[in-house]
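Atoms within a ligand are numbered from 1 in the order they appear, just like the ligands themselves.
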Amino acid sequence: MLDRFLVAAEASHLPAIICANKIDLIPFEQAQALFGLYADIGYEVLYTSAKTGAGVAELRQRLTGKLSVLAGPSGVGKSSLLNAIQPELGRYSKEVSRATTKGRHATVVPELLRLDAGGYVADTPGLRSMALWDVEPEELDAYYPDIRPFVADCEFSDCTHRHEPGCAVRTAVARGQIHPARYDSYLRLREEMEAEARKVLLRA
Ligand SMILES: Nc1nc2c(ncn2[C@@H]2O[C@H](COP(=O)(O)OP(=O)(O)OP(=O)(O)O)[C@@H](O)[C@H]2O)c(=O)[nH]1
Ligand SMILES: [Mg+2]
Ligand SMILES: [Zn+2]
């Protein structure tokens, strides 16, 4: 899911910040073991807790003066984080709206909110899945900043990085220059996109 969001952001030329919330629930080393690889790739990773306030000032600072959107699965604490940044901003977090919320989601409609410190931020309902429109399977590798630098060295210009001989991406995985989890997510996403494209062809 995270890699999917990152691909969508790369494809739209939107700078992405990864916010790992609820760090009060696990030891910090454990959080770092999960998200540290993204920092290695070059993404900015913020570790936050809406509950203790950890990292909230940093998040507020990164949103100030910008037009941003908080996206992620339901229940991760997007609205709670906004509440922590500026009271009453996350009006639709679970606590506040428990009495009126029947469904799984606390936030029901995306809403653009004004920050006192300047800028706007959109709170969104949690996403269970996300389609990647306007991204062709053949260009997926370009949206993985950790895979992208190796693609030009593949023997075949249309290399899918699955099984072709002389694949520089697979060599990089073997050498530990690309994290295996990221390579796996590339393969899965590519598979899914190709299956989707086949369905569209069948319908046509
Ligand atoms: N322990 C802990 N709980 C948190 C934290 N942030 C949010 N929660 C809890 O997580 C639950 C979901 O929080 P929400 O802010 O409603 O989550 P959301 O991402 O806005 O969810 P949707 O609106 O459905 O997409 C609530 O019970 C919050 O109290 C945190 O940093 N630590
Ligand atoms: Mg919400
Ligand atoms: Zn290749």
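- For ligand 1, the atoms sitting less than 4.0 Å from at least one non-hydrogen atom of A50 are 6 (N), 30 (C), 31 (O), numbered in the order shown with element in parentheses.
- Put simply, the angle at the Zn ion (ligand 3) from SG in C159 to SG in C154 is close to 120°, to the nearest 10°.
- Screening V121, T48, L46, L63 against L81 for a side chain to side chain contact (heavy atoms under 4.5 Å, CB included) leaves a single residue, T48.
- Judged by distance alone, with hydrogens and angles left aside, the side-chain atoms of K78 form a donor-acceptor pair with the main-chain N or O of G72 at under 3.5 Å.
- Using a 30° and 60° split on the angle between ring planes, Y38 and F35 fall in the tilted class, from 30° to 60°.
- Formation of a donor-acceptor pair under 3.5 Å by the E164 side chain with backbone atoms of F156 is not found in this model.
- Of all atoms in ligand 1, numbered sequentially from 1 with element shown, those under 4.0 Å from a heavy atom of S79 are 15 (O), 20 (O).
- Nearest heavy-atom pair across V135 and M193 is O-CE, 3.2 Å.
- Counting the atoms of ligand 1 from 1 in the order shown, those under 4.0 Å from a heavy atom of S49 are 31 (O).
- R190 and E194 are joined by a salt bridge, as a carboxylate oxygen and a charged side-chain nitrogen come within less than 4.0 angstrom of each other.
- One of the N, O or S atoms belonging to S79 lies under 2.8 Å away from the Mg ion (ligand 2).
- For atom 2 (C) of ligand 1, the candidate residues are D123, T48, D24; the nearest heavy-atom contact is made by D24.
- The main-chain N or O of D134 is never found under 3.5 Å from a side-chain atom of E136 such that the two would form a donor-acceptor pair.
- For E196 and K199, the salt-bridge test passes: some basic side-chain N is under 4.0 Å from an acidic carboxylate O.
- If you number the atoms of ligand 1 from 1 as listed, the ones under 4.0 Å from a heavy atom of P125 come out as 25 (O).
- Contacts with ligand 1 closer than 4.0 Å are made by side-chain heavy atoms of L25 only, the backbone lying farther away.
- With the Zn ion (ligand 3) at the apex, C167 SG and H161 ND1 define an angle of roughly 110° (rounded to 10 degrees).
- The side chain of N21, and not its backbone, has at least one atom closer than 4.0 Å to an atom of ligand 1 (non-hydrogen atoms only; side chain from C-beta on).
- Aromatic ring orientation, H161 versus Y186: tilted (interplanar angle from 30° to 60°).
- Between G75 and ligand 1, an N or O atom pair is found at a separation short of 3.5 Å.
- Close approach to S80 involves these atoms of ligand 1, each under 4.0 Å from a residue heavy atom: 6 (N), 7 (C), 13 (O), 14 (P), 15 (O), 28 (C).
- The K51 neighbourhood of ligand 1 comprises atoms 1 (N), 2 (C), 30 (C), 31 (O), 32 (N), with distances under 4.0 Å to a heavy atom of that residue.
- Residue G126 has at least one N or O atom closer than 3.5 Å to an N or O atom of ligand 1.
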